[in-house]
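Notes to accompany the following structure.
Below, read A as the first sequence line, B as the second, and so on, with proteins coming before strands; counting in each chain starts at 1.
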Amino acid sequence: MLKKQYRLKNKSAFTATYRVKNSYHKGGITLFVGLLKKDKNSLTKVGFVVSKKTHKRAVRRNRLKRLMRESCRLALKSGELYNSQKYMSLIFVGGEHALDKKFSEVRNIIKDLLQRLE
RNA sequence: UAAAGCAAUCGAAUAAUCGCGCCUGAAUAAUUUUCAGGUGAGGAAAGUCCGUGCAUUCAAGGACAAACAGCCGGAGAAACUCCGGACGGCGUGAGCCGGUGGAAUAGUGCCACAGAAAAGAAGACUGCCGACGACUUUUAAAGUACGGGCGAUGGUGCAACGGUGAGUUAAGAGCUUCACCGGCGGUAUUGAGAAAUACCGGCCAGGUAAACCCCUGUUGAAUGCAAGGUUGAGUUGAGGGUUAUAAAGGUUGUCCGCCUACCUCAGAAAAAACCGCUGGAGAUUGAAAGUAAUUUCAAUACUAGACAGAUGAUUAUUUAGAAACAGAACACGGCUUAUGAGUUGCUUUAUUUU
RNA sequence: GUCGAAGUGGCGGAAUUGGUAGACGCGCACGAUUCAGGUUCGUGUGGUUAACGCCUUGAGGGUUCGAGUCCCUUCUUCGACA
């Protein structure tokens, strides 16, 4: 789990990120990217979403969110962020196909998505 | 030994590394950051099917209406709740299941098709009879397109106005004729009561109330913690703004006037903060009362409280090589549904041995 | 989290107080018309079976002689509240 300062919080911040319409997709996970940073010192905030339409049971949705958070944390720790720090906000949206994946698969997908950013 | 029934219990464990929410303490200007310590999801947290507390608004007297409940007794804050019993049904049995008031204390509706007739004791089908009256033939009697008597017979249907057998009769029929059975009412006894048992009676009364309805009982109504309360940055409007006692600046050099800062009041109010927010109709253990549900008393411990929303990842070992159903969002009592591998106790049936 | 509505052939959508489920339209198949296609007209069309029959209104029970309809439990879908 990421600490509070790295998390994307408000509803308006989420809608603002979606409105940019800059997205990447792989293996059931979609990555939405926000605008470029104006102040270089501010932190890049990350949000995780698995909607109720994806699956009905809360346990399986929480599981996917936790796997995505953990893999994101490890990426932050090891410095494999590539160009993601240029942007103000990132949102990972979990889909139906990602529900049954193991941790190593999810980690590879997220690593790949972060590499694609320019 | 096998197969069942009922009840209870458990709801993975240990170690290492990395990591998160909340609380406490220390450092710090600080609500930030760092360090240390503590603590962190269920038996159903679920479905939202019932019932409460709590909060706000309206009402507060009486009656009706409406909704809900519906064998009896008890428990409980209450409940489509629980316990014990009655009756009915299922099972060889241990046991299990039941929305179980009223259809002779009122009334209405419906019962398709078929059928004579579907609820008013009725006779238009198919039939039976010819005792009585009438008529015909004949005079011992026989017969019937008559007046009538009958409701047994046939077929229909979920259901045909008690059932089976005998007697009686012209033919027949519960026909206050008989035997047995079912149902109804009354009386007596037993029981706290539901009800049970016995006797007597009249002589039979269709089904449906999860159709309207009747009876008895209960309930103020509505909205749900996104309830609701407190503080309120910025903004808007009104008044004051050298004419009260402090008071700045702009518009042209001065004055008036106007505007702003500033002061007072009012409304509305965030992507803000705090309260509500977890110690309770509670849990465990023991004792007493009770068949039990439960109640009373005593002791013990109390350890989620988030707000894009905390329990995860990797490795190793073990049970069973890879553990089911499943995630708190104000709280509690039930019900219902989902659920892996086991463990324990009591009971029943069958088989074998002694 | 709270509240509300719906579920019927391949699709839309009927079925009045409980009484023969699938009207009607679209689609699909076959045939006719045409040199050919379209249009138009006719017939058929839930599943299973050789046929009779049996099963079927999201699923499972109940009440009833008889449930799409009445009652209970449950599943799925949709909507409202910010």
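- Taking atom C1' in both B/G53 and B/C277, one finds a spacing of 15 Å when rounded to whole Å.
- Annotated as syn: C/G9, whose glycosidic dihedral is within 90° of 0.
- To the nearest angstrom, P of B/G327 lies 13 Å from NZ of A/Lys65.
- Here, B/A211 and B/A67 have their P atoms 15 Å apart, quoted to the whole Å.
- To the nearest whole angstrom, the two C1' atoms, one in B/A131 and one in B/G148, are 12 Å apart.
- In this structure B/G21 sits in a base pair with B/U39, meeting the Watson-Crick or G-U test at under 3.5 Å.
- Taking both residues in full, the closest heavy atoms of A/Lys101 and A/Leu67 are given as O-CD1, 4.0 Å, listed atom of the first, atom of the second, then distance.
- The distance between atom CD1 of A/Ile91 and atom P of B/G309, rounded to the nearest whole Å, is 12 Å.
- Across the P atoms, B/A268 and B/C263 are found 23 Å apart, a figure rounded to whole Å.
- Between the CG atom of A/Leu64 and the C1' atom of B/A308 there is a distance of 15 Å, rounded to whole Å.
- Each of A/Asn62 and A/Ser104 was assigned the nucleotide of RNA chain B with the nearest heavy atom; the assignment lying further toward the 5' end belongs to A/Ser104.
- The gap from the P atom of B/G5 to that of B/G95 amounts to 13 Å, rounded to the nearest Å.
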Practice task
Check the pair A/Phe103 / A/Leu74 against side-chain contact (heavy atoms from CB on, under 4.5 Å), numbers first and verdict last.
Solution key: CA-CA 12 Å; A/Phe103 174 70; A/Leu74 289 174; 3.7 Å; yes
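- Taking a pair to require two hydrogen-bonding distances under 3.5 Å in either a Watson-Crick or a G-U wobble arrangement, B/G342 pairs with B/U9.
- Base pairing analysis places C/A59 opposite C/U73; the two distances defining the Watson-Crick or G-U wobble pair are each below 3.5 Å.
- Atom CZ of A/Arg61 and atom C1' of B/A328 are 14 Å apart (whole Å).
- For B/C178, the paired base is B/G165 (Watson-Crick or G-U wobble, both distances below 3.5 Å).
- Of all nucleotides present, only B/C58 satisfies the Watson-Crick or G-U wobble test against B/G220, with each distance under 3.5 Å.
- Closest of all the heavy-atom pairs between A/His25 and A/Thr30 is ND1-OG1, 2.9 Å.
- In this entry the base of B/A205 is syn relative to its sugar, with a glycosidic angle within 90° of 0.
- With a cut-off of 3.5 Å on both pairing distances, C/U39 has no Watson-Crick or G-U wobble partner at all.
- Rounded to the nearest Å, the gap between the P atom of B/C97 and that of B/G120 is 43 Å.
- Atom name C1', nucleotides B/A119 and B/U208: the rounded distance is 13 Å, in whole Å.
- Going from atom CD of A/Glu70 over to atom P of B/C20 covers 10 Å, rounded to whole Å.
- Note on A/Arg73: every side-chain N or O is 4.0 Å or more away from OP1 and OP2 of B/G19.
- Here A/Arg66 lies in heavy-atom contact (under 4.0 Å) with a base.
- Nucleotide C/U16 forms a pair with no other nucleotide shown, judged by Watson-Crick or G-U wobble geometry with both contacts under 3.5 Å.
- Atom pair A/Leu90:CG and B/A308:C1' shows a separation of 15 Å (rounding to whole Å applied).
- Taking the syn range as angles within 90° of 0, the glycosidic angle of B/G174 is syn.
- Smallest separation of non-hydrogen atoms from A/Cys72 and A/Val46: SG-CG1, 4.2 Å.
- Comparing A/Ala58 and A/Val49 by the nucleotide of RNA chain B whose heavy atom lies nearest to each, the residue mapping closer to the 5' end is A/Val49.
- Atom CD1 in A/Ile110 sits roughly 14 Å away from atom C1' in B/G312 (whole-Å rounding).
- Glycosidic conformation, B/A198: anti, with the torsion outside 90° of 0.
- The separation of B/U300 from B/A78, taken at their C1' atoms, amounts to 31 Å, rounded to a whole angstrom.
- Taken to the nearest 0.5 Å, the CZ atom of A/Arg107 stands 9.5 Å off from the CZ atom of A/Arg73.
- Listed here is the closest heavy atom pair of A/Leu64 and A/Ala98: CD1-O, 3.5 Å.
- With a cut-off of 3.5 Å on both Watson-Crick or G-U wobble distances, the partner of B/U352 is given as none.
- For B/G249, the base adopts the anti conformation, since its glycosidic angle falls more than 90 degrees from zero.
- Minimum interatomic distance between A/Lys65 and A/Phe48 (heavy atoms only, all atoms of both residues): CE-O, 4.0 Å.
- Rounded to whole Å, atom P of B/U311 lies 7 Å from atom CZ of A/Arg69.
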